[in-house]
Structures are given as structure tokens and as C-alpha cells.
Amino acid sequence: MKLVDLIKENRFFINYKRMWPYVKPVWFRALCSMLICIPIGSLDAIIALALKPYMDLVMVEKSIQSPWYIPLGIVAFTSAQGGLKYLSSYISTWVGGKITNGLKYDMFKKLLTMPTLFFDKRNSGDIVFQFNNQADIACNGLLDNLSVFTQRFFSSISLILVLFYNSWQLALIAVVMLGCAFAPVAKLQKKIKSVLNKTVVADAAIITEYNEVFAGNKTITSYNLAQHETNKFHYILQNIFKLRIKMVQKTQWLSPMMHVIVSIGIAAAIGYGSHLIMSNQITAGNFVSFITALILLYTPIKNIGNNLNAVQFSFFSIERIFEVLDSVPEIRDKENPITMKKEHNQIQFENVCFEYVENVPVLKNINLSVKRGETIALVGNSGGGKSTLVNLIPRFYDVKSGSIKIDGIDIRDYSLNSLRQNIAVVFQDNFLFSGTIRENILLGKENATEEELQRAVKIAYLDEFIATLQNGLDTQIGERGILLSGGQKQRVAIARAFIKDAPIIVLDEATSALDNKSEAIVQKAIDNLMRDKTVFIIAHRLSTIKNANRIAVINEGDLVELGTHDELMQIQNGQYKTLYEMQFKKQEVQV
């Protein structure tokens, strides 16, 4: 294989080539940082080189005119080296921070393009580690190791020159032993890759555990799960400990092995060097200068095993980052997508099939046509596919086969942005962001006027509640809206959906988790939201179902019945009638 091909296949070359777009904006400072490493490394040779005249003149010849400038020169050179190291470290940290931010920014943008199924299959720890921590590991290892490599490369070159200057015979011995010391390094990569993979998973599990304790603290407390979670955390820690030990077993033998090889090299140099001194081929100053240079050359090599983990983690993280950045989301815009207009006449489901797991159908050949301004209530058994059906409209998922069309155009032909801009979704458990009530409502329309905002607050029946708050709309609601009640959170979500003013509304059991009093208020807000809209509503309350234009009964993934409440009640032994008599009639009696 040609040398060029070998270089192109080298992981070092590939990884740093992929990082270039992030290095490019700060390339000058990065270059300065690397250039500073040249004198830092090269100055290592000064001490070794200075010892030759000092030893020959002072220690051997005992010259009265001792070279006093040599000790002062060593102090001056090492002081300069220390200053340059500080400057290099400062610039490297600055450059590293910029590169890390660039990677994290692109990773975050990529995360926001991922389909819902991506999040369904992963836990929070995986997401945080993959999209945040990997960038830190990659960049810290990238610049630190590049700086160290540059310093040691030029240090090695300068020290090897000192070796040859003092004795080419001894230098050959040293270089041969140096090659023997580096030989095993290339074989370690494959051995530790599987351990690195498992370590990443284990580290992500730690983050997940902290997130679950934070989010589920009330459940943990109410069910006395503290010991259970402690045991779970202990198991994760033990797993990480075992992986760390396994990594040591696979890598740390390198350092002691290099110690042995290096000691053999030094012993050989001392043995043969003694012969060269006795035969007057070199001076004592040559020998001391040579041994000093040899020790300075070998010392960092002996400890290379300690740095290998960081290097491998860096390469591994870079590879994983670009695997994510190069991935193509399953749900994305087609080339030259159509911009969906706000006005529409009809939404059609044509032979829609869907499955989360291959060959396990959730929806089976659903055919349904919904006219503009119509309200469709979806009822049926739990897990029958109701939520899945409405989740297909904004393309949280894509159909397995068949199509969903708006005015005859497949929704996959519309741009995702324009499609979702025309759909407002109110979930059973709506997510509110940390910040104020105002900020959460304005997410529906960031440039809304104060008049539009106040109208949304009034329509959502939030005005009386807002009036009781000292800071009104600017009240902080905590992470996930923890400081609000269930009904209040739902009304904020409804205000957010109302101010968006989308022509298509999806209500996924928006009142199912509320008590009767809260539900009554939220239902009034929902009625306001639904006015003059095309509405898909997954319902479990009688009033909502009866007010719908039509009711679609979905059981086990099939659309089994469709019609008004009265029409469906006329079907003898019909599924809706059975469901109504079992569940909804009790509500009617209670009302």
C-alpha cells in the first residue's frame, strides 16, 4: 500500500481533518499555540547540551575560568520555557473553548432535527453524554494531546540531535530502543475499543440516574424507593469501576514495559559509553550530556500509557460526534418542499398503516376524511392507536404505508416548518419551559402584540389566576412549570396554542388528568380554542364526545366505526355503544 493511502487511513489524520471546519475560524491562534510548543520542546536540549562544556571544563579539567554563564543560562532558558508554557496553555484553552462551543452548537442543532422515535429509544443520560459531554472529551483531548505531541516531537528531535552530537554510536542504540518502546502502542487500539463503548454507556447511565431522581423525587419518596435507587446507583458505580479496571489492565502494562525497555537502553548506553570513554572516543562531558539527553528523551515515553486513555477517548469521541452529525434524520424535508398555506379544505387519511416495531402493526389501513372546521373525536380501547394517529399529522412519526394528505397533497411534500406552523397540539401532560408565564405563552408566537397576548390569556381563562400573582405574567414557574397546578399548566398550554392561531388543533386527552373543577375551566378554554378550527380530539369525557361532529372508534389499530353519537348508538352491539354504556353513561348519571 502506498504511503499516501496509509496516511489517509490513519485515525489521527481522519479525525483532525474532520475537525478542521471547527478549527478554521480560530486557526491563527491555534497555530500560534502550536508554534509556541516548538521552542518549549526544543529548549529541553539546552540543559543537556550545556552540560558537556561544563563537565569538561569544571569537573574534568578543573579549569580556574569556570563558565559561570552556563548555570545562569540554564535558569534563563528554563524561565523562558515556563513563560512560553503558560502562554501556550492560555491560548490552547481559549481555542479549545471556541472549538468545543462550535461542536456543541452543531450537535444541539442536530438534536433538534431528530425525530420523536429517536428520543423514544434513548434515555436522557445517553442524550446528555452524546450531545454534550462527548464534545468536551473530544476537544480537551484534541488540543491537549496535540500540544503535548508538538512539544514532545520537537523535544525529541532536539534531544536526538544532542545524542548524535555527543556520540553517533550511542545515539543509534538509543534510537533502536526508542522504536522498540513504541512498537506495542499500535496494537492497543482494537483491544480497548469495546471497553470504551461500554464505558460511554455506563457514564451515560449515571447521568440518567440523576435525572430520574430529580424528575421522580415525589414517586421515590411516596413509595420509599430510596434504598432501591441507592442499590441501582451502586450497581452502576460498580460497573464503571470494573470497566475502569479493565481499561487499566489493557493499557497500563505499557508503562512498566516501556520502563524495562528504556532501562535496557540506558544500561546499554552506560555500558558502551564507558568503553568509548576509556578508549578516548568521547569525553566525560560528552557522556554526561548524552545520558542527560537520553533521560530527558525517555522520561515522557515511559509514561505514555498514562496518557493513552485520554488520547483514545478523544479519538473515540470525535468519531461518535461525526457519526451523529453525518446521520440523516428519517423525518426531514424533501428537496424543494411545498409551503403549506394556512387555509385548507380537507385532511385525508388513505390506507394509513404504522408500526413502532417491525411487523407489529399499530394502525391498519385507516381511511378517514375530515373537512375544514370539523371536530373529530377519537375513542376506543387503551393502546388502540388513537394517540399514534394524531401524532402522524404533525409528522412526529411517518406512516409505514399509505398517506395523509391535506388538500390532496401528501404531508411529506410540505416543509416541516410550514406543516407544523399550521398545527397546534395540546397534550395530556404539556411541557412548560423554565421561565415566566409570558415567555411560555409567547412560544406560540414570539412577535405577538400585547393585545394578542392578553386575549389569549382571557380566552384560556387565565386572567383571574394571573391577577392573583404579584408579578402577573412575569411570574417564574420553575422547571417544567413545577410551581403551577395541573389545570393552570393546561391553561397556559391552551393560551400558547391559541396565540399560535393554527387552523388545525390536536387535543390529546387534554383534560384527562384534571379534577372535575379544573376540567370544567379547562374545557371552557378548549371550547374557545376549538372555535372555527379543524380539531382532532382524543376524548374520555362524555361532553367532549357528544359535541364532536363525528366520532371515530379505533380498536386494535382498526377504524371500526365512524359517525355521530346518535348514529353510533343505533348500531346494535356496536363497539361505541358498548363503550358508552360501560364508561360514558356513568359520567352522564354523575352530571
(message) Checking Tyr576 against His565 for the side chain to side chain donor-acceptor pair (under 3.5 Å) test, could you report, in this order, the C-alpha distance in whole Å, the side-chain angles of both residues, the deciding distance, and whether it holds?
(response) CA-CA 9 Å; Tyr576 175 77; His565 170 77; 2.7 Å; yes

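- Looking only at side-chain heavy atoms (C-beta outward), Tyr22 and Lys98 stay at 4.5 Å or farther from each other.
- Here Asp398 pairs with Arg395 under the salt bridge (charged side-chain N to carboxylate O under 4.0 Å, His left out) rule; sequence neighbours left out.
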(request) In sequence, state the C-alpha distance, the side-chain angles, and the governing distance for Asp333 and Ser415, and then conclude on side chain to side chain donor-acceptor pair (under 3.5 Å). (result) CA-CA 6 Å; Asp333 285 336; Ser415 68; 5.2 Å; no

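- The pair Arg491-Asp463 does not meet the salt-bridge criterion, since no charged nitrogen lies less than 4.0 angstrom from a carboxylate oxygen.
- Partners of Asp407 according to the salt bridge (charged side-chain N to carboxylate O under 4.0 Å, His left out) rule, which considers only residues two or more places apart in sequence or in another chain, do not exist here.
- A donor-acceptor distance shorter than 3.5 angstrom exists from the side chain of Arg332 to the backbone of Pro329, with no hydrogens or angles considered.
- For Ile423 against Val506, the heavy-atom pair with the smallest separation is CG2-CG2, 4.1 Å.
- Between Arg438 and Glu450 there is a salt bridge, since a side-chain N of the basic residue sits under 4.0 Å from a carboxylate O of the acidic one.
- A pairwise comparison of heavy atoms in Ala552 and Ile376 identifies CB-CG2, 4.3 Å as the closest pair.
- The number of heavy atoms from other shown groups lying within 6.0 Å of CG (Asn447) is above 12.
- Around OH of Tyr105, the count of heavy atoms belonging to other residues, nucleotides or ligands within 6.0 Å does not exceed 12.
- A salt bridge (charged side-chain N to carboxylate O under 4.0 Å, His left out) check over residues 369-381, counting only residues at least two apart or in different chains, returns the pairs Glu343-Arg372, Glu374-Arg550.
- A heavy-atom distance below 4.5 Å is not found between the side chains of Asn391 and Thr116.
- Residues Ile331 and Met114 are not in side-chain contact: their nearest non-hydrogen atoms beyond the backbone lie 4.5 Å or more apart.
- A ring-centre distance under 6.0 Å is found for Phe433 and Phe431.
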(request) Please step through side chain to side chain donor-acceptor pair (under 3.5 Å) for the pair Asp474 and Thr436, ending with a clear verdict. (result) CA-CA 5 Å; Asp474 296 311; Thr436 65; 4.6 Å; no

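- The 12-atom threshold is exceeded at CZ of Arg420, counting heavy atoms of other residues, nucleotides or ligands nearer than 6.0 Å.
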(message) Working note: Ile347 + Ile504, criterion side chain to side chain contact (heavy atoms under 4.5 Å, CB included); need CA distance, chi angles, decisive distance, verdict.
(response) CA-CA 10 Å; Ile347 302 173; Ile504 302 170; 3.7 Å; yes

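- A donor-acceptor pair under 3.5 Å links the side-chain atoms of Asn549 to the main chain of Thr375, judged by distance alone.
- A 4.5 Å side-chain heavy-atom check between Gln346 and Lys405 finds every atom pair outside the cut-off.
- In this structure a side-chain-to-backbone donor-acceptor pair under 3.5 Å is present from Glu567 to Thr564.
- Panel note: side chain Lys400, backbone Glu358; no donor-acceptor pair is recorded below 3.5 Å.
- There is no side-chain donor-acceptor pair under 3.5 Å between Glu350 and Asn367.
- Within the 4.5 Å cutoff, the side chain of Ile537 has no heavy atoms near those of the Leu378 side chain.
- Pairs passing the ring-ring contact (aromatic ring centres under 6.0 Å, His included) check and including a residue from residues 372-413, sequence neighbours excluded, read Phe354-Tyr397, Tyr356-Tyr397.
- Side-chain contact between Ile137 and Phe129 is present, with heavy atoms from C-beta onward closer than 4.5 Å.
- Taking 4.5 Å as the limit, every side-chain heavy atom of Trp27 sits out of range of all side-chain heavy atoms of Val95.
- Evaluation of the salt bridge (charged side-chain N to carboxylate O under 4.0 Å, His left out) test over residues 379-391, restricted to residues two or more places apart or in two chains, returns none.
- For the pair Ile571 and Leu568, the minimum side-chain heavy-atom distance is below 4.5 Å.
- Remark: the Ser485 side chain and the Gln488 side chain contain an N/O donor-acceptor pair separated by less than 3.5 Å.
- Shown here is Lys533, whose NZ atom has more than 12 heavy atoms of other residues, nucleotides or ligands within 6.0 Å.
- Glu330 CD: 12 or fewer foreign heavy atoms inside a 6.0 Å radius.
- Take Arg412 and apply the salt bridge (charged side-chain N to carboxylate O under 4.0 Å, His left out) test, not counting sequence neighbours, and it matches Asp410.
- Within a 6.0 Å radius of CG in Asp326, more than 12 heavy atoms belonging to other residues, nucleotides or ligands are found.
- The CG atom of Leu416 sits 10.0 Å away from atom OG1 of Thr113, with the distance rounded to the nearest 0.5 Å.
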(message) Let's go through Thr230 and Gln227 carefully: what are the C-alpha distance in whole Å and the side-chain angles of both, what is the deciding distance for side chain to side chain donor-acceptor pair (under 3.5 Å) to 0.1 Å, and is it a yes or a no?
(response) CA-CA 5 Å; Thr230 302; Gln227 188 59 49; 5.0 Å; no

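- Between Glu212 and Lys232 there is a salt bridge, since a side-chain N of the basic residue sits under 4.0 Å from a carboxylate O of the acidic one.
- The two residues Lys342 and Pro503 come nearest to each other via the heavy atoms O-CG, 3.1 Å.
- Side-chain atoms of Lys500 do not come within 3.5 Å of backbone N or O of Leu442 as any donor-acceptor pair.
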